[in-house]
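One structure is given here, and the rest of the page talks about it.
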There are 2 protein chains.
Amino acid sequence: MPRQVDPQQRRAELAEAVWTVIRRDGLQRASVRNVAREAGLSMGSLRHYFATQAELLCFAMQLVGDRARARVRAMQPAASPRATAERLLQELVPLDDERRAESEVWLAFTARGLVDPDQRAIHQGIHDQLRGACATAITLLADAGLTPADLDVDLEATRLHALLDGLAVHAVMRPEQVTPDRITAVIARHLDTLQAGPGSG
Amino acid sequence: MPRQVDPQQRRAELAEAVWTVIRRDGLQRASVRNVAREAGLSMGSLRHYFATQAELLCFAMQLVGDRARARVRAMQPAASPRATAERLLQELVPLDDERRAESEVWLAFTARGLVDPDQRAIHQGIHDQLRGACATAITLLADAGLTPADLDVDLEATRLHALLDGLAVHAVMRPEQVTPDRITAVIARHLDTLQAGPGSG
DNA sequence: CCTACTTTAGCACAGTTGTGCTATAAACGC
DNA sequence: GCGTTTATAGCACAACTGTGCTAAAGTAGG
């Protein structure tokens, strides 16, 4: 029975089942049995696509980075460098349910990355990509002459990156307080202070 | 055999054993057995102090907030509002091993708070305290006239809070990249932009 | 039809888990 | 000394876990 559906798509479906279980019951409940049940498959069938649980979970984590990268790549060019930077950053914070799901799964795997070397490596890859996107956003403004000439791009990228990840954590832990509107306002304000100064708020 | 040691201190010791296990093996390995072994006690003895595992873990999470609050309360007054604000914020980020331990445990429990209502409630309490500290820092600068008069204190508190938690996450996940020096530099830079403008970096 | 291969299913086993339960030992009040 | 309380220990059980293993059912090429 080869190729009724693409095996790679099957793996993606199973990874999404992992996401569903993680969001509903937590990463500690993402057992082979629970994920298989969520996907409507048997345990043995799941293990035909992923030999071990570690492989399954790593693939599910990779998918977080893949989704975000695809979204950034699909971005339409914006009118100004400022608008481009702002929209780039907005693709990386949980403003809708899709990105909220990514953030929740990312947070669950982040905690595991503290003690699991494989998960840590994947997390660091995503971390570096996000950091790169932040550096890109800063450079966009700097190259357009919208920032002071002596701006420390590296330090600002670090600062912006921490801001984004902090917003993601707060958005999933306190969704009533840290709403999408609030997130966009914080990002806009941050870019404002990079350009014109702190007095515009 | 009452009171060979204070029972409350015993509970704190057990909570620290939880921290040790979490930092070494992860929250998913913080079982009653493993924590008891780490503390050098039997399973049954541990359960004399904590009736259930949930109670044990919640207490261990509470301890994170307690430690940070105690540290802030013990702060010596600084020379200027700016120095006070800066040192207050520095108490809340992982600049040494004690605070790094708190951040790692905090991160582990944060992820669990996504799906565990009890842990979520405790996390939100700590979240609100940290948010209050950020608001205090901003207000210190504003009241001293060090910021523009039209500064949106609430928005700035949200932004600063996200920055701090993001720095905490990055410091424990990327300790070689996000060093204590780097953290203090980012915080100083952030306060600079609140005061004088973005051009000083 | 028939062989080869892919996919699905399910059992089995050893290990870990939380918790209910009982039993021993130590320290106190008297 | 003695009973009461507190502390420590450990067993038992049912539930769940990851994975090794076997077997069936479906699909393709010949």
Side-chain angles (χ1 to χ4, degrees), chain A residues 1-22 24-61 108-109 111-112 115-119 122, chain B residues 1-22 24-61 108-109 111-112 115-119 122:
Chain A
M1 185 215 248
R3 227 60 29 70
Q4 193 164 20
V5 301
D6 181 22
Q8 283 308 314
Q9 186 190 334
R10 226 355 167 223
R11 284 167 67 93
E13 287 173 17
L14 285 167
E16 293 207 50
V18 172
W19 286 27
T20 304
V21 174
I22 287 178
R24 192 208 313 127
D25 306 317
L27 182 50
Q28 78 273 28
R29 293 256 146 65
S31 64
V32 178
R33 279 167 182 81
N34 287 343
V35 172
R37 186 183 305 122
E38 177 65 36
L41 280 185
S42 75
M43 222 167 54
S45 191
L46 187 155
R47 294 192 61 234
H48 179 253
Y49 294 98
F50 296 98
T52 67
Q53 185 195 30
E55 197 185 323
L56 170 66
L57 295 184
C58 286
F59 187 84
M61 176 57 161
F109 279 119
R112 178 147 306 193
V115 291
D116 182 323
D118 291 333
Q119 289 289 352
I122 301 173
Chain B
M1 184 218 249
R3 228 60 29 71
Q4 193 163 19
V5 301
D6 180 19
Q8 284 308 314
Q9 186 192 333
R10 212 26 154 206
R11 284 167 66 93
E13 286 172 17
L14 285 168
E16 293 207 49
V18 173
W19 285 27
T20 304
V21 174
I22 288 178
R24 191 206 316 126
D25 306 318
L27 182 49
Q28 77 274 24
R29 293 257 145 66
S31 65
V32 179
R33 279 169 182 80
N34 288 344
V35 172
R37 185 181 308 122
E38 177 65 37
L41 280 184
S42 75
M43 223 168 53
S45 189
L46 187 157
R47 293 189 65 235
H48 178 254
Y49 294 97
F50 295 98
T52 68
Q53 185 195 29
E55 197 184 324
L56 169 65
L57 295 185
C58 285
F59 187 84
M61 176 57 162
F109 278 120
R112 178 147 305 193
V115 290
D116 182 324
D118 290 333
Q119 289 289 352
I122 300 173

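As the structure is a prediction and not an experimental result, all values here were calculated from the model. Chain letters run A, B, ... following the sequence lines, proteins first, then strands; residues in each count from 1.
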Item checked: Nucleotide nearest M43(B) when distance is taken to its side chain, options dT8(C), dA12(D), dT17(C) -> dA12(D)
Next item on the list: Would you name the heavy atoms of M43(A) and V32(A) that are closest together and state the gap between them?
Entry: CG-CG1, 3.8 Å
Next item on the list: Taking the side chain as every heavy atom from C-beta outward, state whether V115(B) and D25(A) have any atom pair closer than 4.5 Å.
Entry: no
Checklist line | Residue pair V35(B) / L46(B): nearest heavy atoms and the distance that separates them | finding: CG1-CD1, 3.8 Å
Margin query: For a quick test of reading the model, state the closest non-hydrogen atom pair linking V21(A) to A30(A) and the distance between them.
Written below: CG1-CA, 3.8 Å
Check: Can you name the nearest heavy-atom pair linking L57(B) to F109(B), along with the distance?
Finding: O-CZ, 3.5 Å
Note to self: So, OP1 or OP2 of dT8(C): does either fall under 4.0 Å of a side-chain N or O from R10(A)?
What the structure shows: yes
Check: Roughly how many Å is it from CZ in R37(B) to P in dG10(D), rounded to a whole number?
Finding: 12 Å
Margin query: Rounded to whole Å, how long is the line connecting atom CD of Q9(A) with atom P of dT6(C)?
Written below: 19 Å
Note to self: Does R29(A) reach a base, just sugar-phosphate, or nothing at all? Heavy atoms under 4.0 Å.
What the structure shows: nothing
Next item on the list: Kindly give the heavy-atom pair with the smallest separation between A17(B) and A39(B), and that separation in Å.
Entry: CB-CB, 3.9 Å
Next item on the list: Whole angstrom is fine here: how far is it from CG in D25(B) over to P in dT16(C)?
Entry: 13 Å
Next item on the list: Please step through salt bridge (Lys or Arg N to Asp or Glu O under 4.0 Å) for the pair R11(B) and E55(B), ending with a clear verdict.
Entry: CA-CA 11 Å; R11(B) 284 167 66 93; E55(B) 197 184 324; 3.8 Å; yes
Check: Please give, in whole Å, the distance from dG26(D) P to L41(A) CG?
Finding: 15 Å
Next item on the list: Check whether more than 12 heavy atoms from other residues, nucleotides or ligands sit under 6.0 Å from atom CZ of R29(B), and answer yes or no.
Entry: no
Next item on the list: Would you kindly give the CD-to-P distance between Q28(B) and dT17(D), to the nearest whole Å?
Entry: 14 Å
Check: R33(B) has an atom CZ; how far is it from atom C1' of dT19(C), in whole Å?
Finding: 9 Å
Next item on the list: Considering just the side-chain nitrogens and oxygens of S42(B), establish if one lies under 4.0 Å of OP1 or OP2 belonging to dG10(D).
Entry: no
Notebook entry, point to check: Counting only non-hydrogen atoms, which of residues 44-55 of chain A are less than 4.0 Å from DNA chain C?
Noted result: G44(A), S45(A), H48(A), Y49(A)
Checklist line | Neighbours of DNA chain C within residues 11-19 of chain B, by heavy-atom distance under 4.0 Å | finding: none
Notebook entry, point to check: Is the shortest side-chain N/O distance from N34(B) to OP1 or OP2 of dT17(C) below 4.0 Å?
Noted result: yes
Check: What are the two closest non-hydrogen atoms of A60(B) and A15(B), and how far apart are they?
Finding: CA-CB, 3.9 Å
